[in-house]
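Only one structure is covered here, and it is reproduced in the block below.
Within every chain, numbering begins at 1; the chains are lettered A, B, ... in the order of the sequence lines, protein sequences first and strands thereafter.
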Amino acid sequence: MSNTSRPETSSGAPSPTARPNHFIEDIIEADNASLKWGAWGTTHPDRADTPKVHTRFPPEPNGYLHIGHAKSILLNFSLARKYHGKFNLRFDDTNPAKEEREYVDSITRDVLWLGAEYLSPPTGGGLFFASNYFEQMYAFAEELVLKGKAYVCQLSADEVAKRRGAPGVPATSPHRDRPADESLRLLREMRDGTHPDGAMTLRAKIDLASPNFNLRDPVLYRISHQHHHNTADRWCIYPMYDWAHGFEDSIEGITHSICTLEFENHRPLYDWFIDAVNDGRPPEKKIHHPQQIEFAKLRPTYTIMSKRNLLKMVESGVVHGWDDPRMPTLSGLRRRGFTPQAIRAFCEDIGVTKVESSIDLARLENAVRDHLNRVAPRRMAVLRPLRVVIENYPDDRTESFDCINNPEDPAAGSRPVPFARELFIEHDDFSPNPPKGYFRLAPGQEVRLRWAYFIRATRFDTNPDGSVSTVYATYDPDTRGGDAPPNPDGSPGRKVKGTIHWVSARHALDATVRLIDRLFTAEAPGERTGNYTDDLNPDSLITLHGCKLEPDLANARVRPNAENGCTVGDRVQFERLGYFCVDQDSTPSTPVFNRTISLKDSWAKAAAKSPQR
RNA sequence: UGGGCGAUGGUGUAACGGUAGCACAGCAGAUUUUGGUUCUGUUUGUCCAGGUUCGAAUCCUGGUCGCCCAGCCA
């Protein structure tokens with residue numbers, strides 16, 4: 001194996017094709033034209049006159065990142081890159097009950113693996129934690145209390161829910177008109193740990209009758225005596241997402257706060273919070289007011305995206321962990337052999353709009369085929385071995401054939417592959433009773449062994465169950481290398497329609513191969529019965545033992561990438577089968593390969609259509 | 001029942017009052033030492049009803065359908 005230690009973030013990337021702007025780019029270009037956010041100025045002398053564009057990806061560290069997050073990460077990152085701006089990674093860690101350090105680590109790793117550079121120039125804006133802003137957010141809260149724009153409410157969670165009202169029916173709270181100094185005292189007691197969890201909350205005094213329920217005096221702070229992975233036990237009150245989020249963006253100087261559609265109803269709330277803080281402040285004390293823009297999240301077919309259900313699959317053992325190669329998580333896709341380039345090309349390809357839609361999973365599968373076709377070295381591997389004996393080939397002879405590594409990439413060179421009297425071919429590549437249009441090996445039928453010889457099957461043995469156990473064949477020495485010699489009159493020699501892959505039995509390496517397929521059989525898992533587990537694909541993982549590899553594959557390795565802490569296995573194409581990736585479960589004696597994606601198979605497709613086959 | 005948002009082929013996505021285009025999928029063919037790749041051709045579309053206009057996917061009015069919102073989650 002060669003040439004696989006290059007960083008995941010460079011080379012082999014599809015050249016970006018010209019694409020019309022999407023609506024967010026339109027907004028940014030209009031903002032830049034009017035200098036709405038000013039220019040970078042003295043903060044970045046190298047781009048002083050460049051209009052400011054600052055984006056961010058704000059995950060909550062309560063699970064692993066999945067392909068849906070990739071769209072958001074890449075959208076924010078590419079906007080920063082395209083407009084010579086900055087991109088932050090910020091953890092929205094405002095709920096210690098659900099968050100863990102493990103998730104922080106996996107997220108930073110996955111974001112870097114994708115190539116979304118948040119640390120180094122030119123795009124790197126930095127790594128941040130919302131929990132580092134707790135002091136500032138709390139100060140804003142006291143300011144609102146003092147301004148009469150927030151109050152401490154002693155209703156229980158149940159009571160608040162009951163008094164929430166309905167469309168047309170206002171909410172109520174008996175503590176709404178509590179004097180500011182009393183709210184301030186209670187808020188400080190909340191912060192100081194005087195009160196138990198749930199005893200009271202700080203609420204914004206907005207509009208109990210608003211048709212937008214988010215404005216019906218939302219909770220700003222709740223009491224939660226919880227250890228936090230970053231702030232430890234410094235706080236026993238934690239800001240609600242709505243209260244915190246807008247300020248996080250404000251503090252970091254985010255210009256375009258890009259989020260998904262479900263937060264559209266929250267935008268008036270964020271605007272209100274910032275305005276409430278700015279109300280009465282002199283101009284130089286006013287805080288930055290970012291612009292929120294919502295887009296439709298990615299929803300691929302044949303998979304689930306909800307973190308809750310992904311977590312359930314991990315915990316219930318339906319899959320073998322967050323990085324199970326069948327998972328739509330970035331760590332799962334990586335382990336399965338997907339490349340960041342493929343994921344980037346996919347996310348670029350699907351567009352950015354406000355229309356909620358499903359993306360055919362085939363688009364993602366296609367993206368990885370497209371990339372791997374260009375970069376993956378070809379190797380021969382037989383997954384379901386069938387023994388072939390070439391009766392007119394001497395038993396004591398071994399030849400070596402020079403095999404092209406990648407017809408798409410002449411620079412990839414070639415490798416020697418040993419050939420001998422006994423070979424393995426794919427079970428599917430021999431048929432005792434070939435259907436119409438079957439170009440592979442069959443009694444009396446000639447086929448090309450890739451890069452080697454033409455062979456013709458003469459007879460075969462069967463097992464007691466009737467299945468074929470051994471095929472006997474003869475080879476044509478004049479077809480060495482895989483071409484028939486020209487006829488005496490100079491015209492091209494005979495053609496053969498089928499070419500099959502093979503491995504010399506004597507030289508073969510044993511391996512385990514996992515055939516990974518879609519986790520679900522339904523386009524929208526759970527839609528039919530309400531339970532996504534009803535649509536699980538029983539064949540999503542088929543493990544094959546005793547697969548036979550050409551000896552060069554002894555060099556295939558799993559290797560760590562120092563840059564992002566990821567472990568990545570070598571990726572290859574097993575000719576005529578698909579793209580495969582060395583799994584971390586490999587041992588020195590038995591390599592394990594995961595199938596990233598099969599090759600397109602128009603024969604299988606045609607065969608599936610005609611019932612007689 | 002209130003509010004917010006959306007609607008273009010099978011699936012995505014362009015068109016910014018002037019020929020509905022592109023990609024994926026499908027189908028047909030060519031090339032091919034991978035039934036892969038590549039190339040060529042091709043089927044299929046503006047949610048509905050009115051209106052404005054020489055001209056509407058685009059503007060206006062009214063409807064229909066879909067998604068989101070009543071966590072001390074994010």
Touch class at under 4.0 angstrom, heavy-atom based, for A:Glu264 against every strand present: sugar-phosphate
For A:Arg384, all residues meeting salt bridge (Lys or Arg N to Asp or Glu O under 4.0 Å), sequence neighbours excluded: none
Residue pairs passing the salt bridge (Lys or Arg N to Asp or Glu O under 4.0 Å) test where at least one lies in residues 55-71 of chain A, sequence neighbours excluded: A:Arg56-A:Asp249
Contacts of type side-chain contact (heavy atoms from CB on, under 4.5 Å), residue A:Ala484, not counting sequence neighbours: A:Phe454, A:Thr479, A:Arg494
Side-chain N or O of A:Arg576 closer than 4.0 Å to phosphate OP1/OP2 of B:G35: yes
Base versus backbone protein contacts along nucleotides 22-32 of chain B [heavy-atom cut-off under 4.0 Å; B, S, -]: -SSSSS-----
Residue list, side-chain hydrogen bond (donor to acceptor under 3.5 Å, both in side chains) with A:Arg363, at least two apart or on another chain: A:Asp349
Under 4.0 angstrom between A:Thr353 side-chain N/O and B:U13 OP1 or OP2: yes
Presence of donor-acceptor pair under 3.5 Å, side chain of A:Glu408 and base of B:U38: no
Results of salt bridge (Lys or Arg N to Asp or Glu O under 4.0 Å) for A:Lys497 - residues two or more places apart only: none
Base of B:U34 paired with side chain of A:Arg378 (donor-acceptor, under 3.5 Å): yes
Base-contact (B) and sugar-phosphate-only (S) positions in nucleotides 68-74 of chain B, heavy-atom cut-off under 4.0 Å, - elsewhere: BSBSBSB
With A:Ser78 via side-chain hydrogen bond (donor to acceptor under 3.5 Å, both in side chains) - residues at least two apart: none
Show me the protein contacts with nucleotides 16-20 of chain B, counting only N or O atoms at under 3.5 Å.
{"unit_1": "B:C16", "atom_1": "N4", "unit_2": "A:Asp26", "atom_2": "OD2", "d": "3.3"}

A:Thr301: partners by side-chain hydrogen bond (donor to acceptor under 3.5 Å, both in side chains), with sequence neighbours left out: none
Those residues that, when tested against A:Thr353, pass side-chain hydrogen bond (donor to acceptor under 3.5 Å, both in side chains) (two or more places apart): none
Pair assignment for RNA chain B - dot-bracket with | for other-strand partners, Watson-Crick or G-U under 3.5 Å: .((((((..((((....[..)))).(((((.......)))))....(((((..]....))))))))))).....
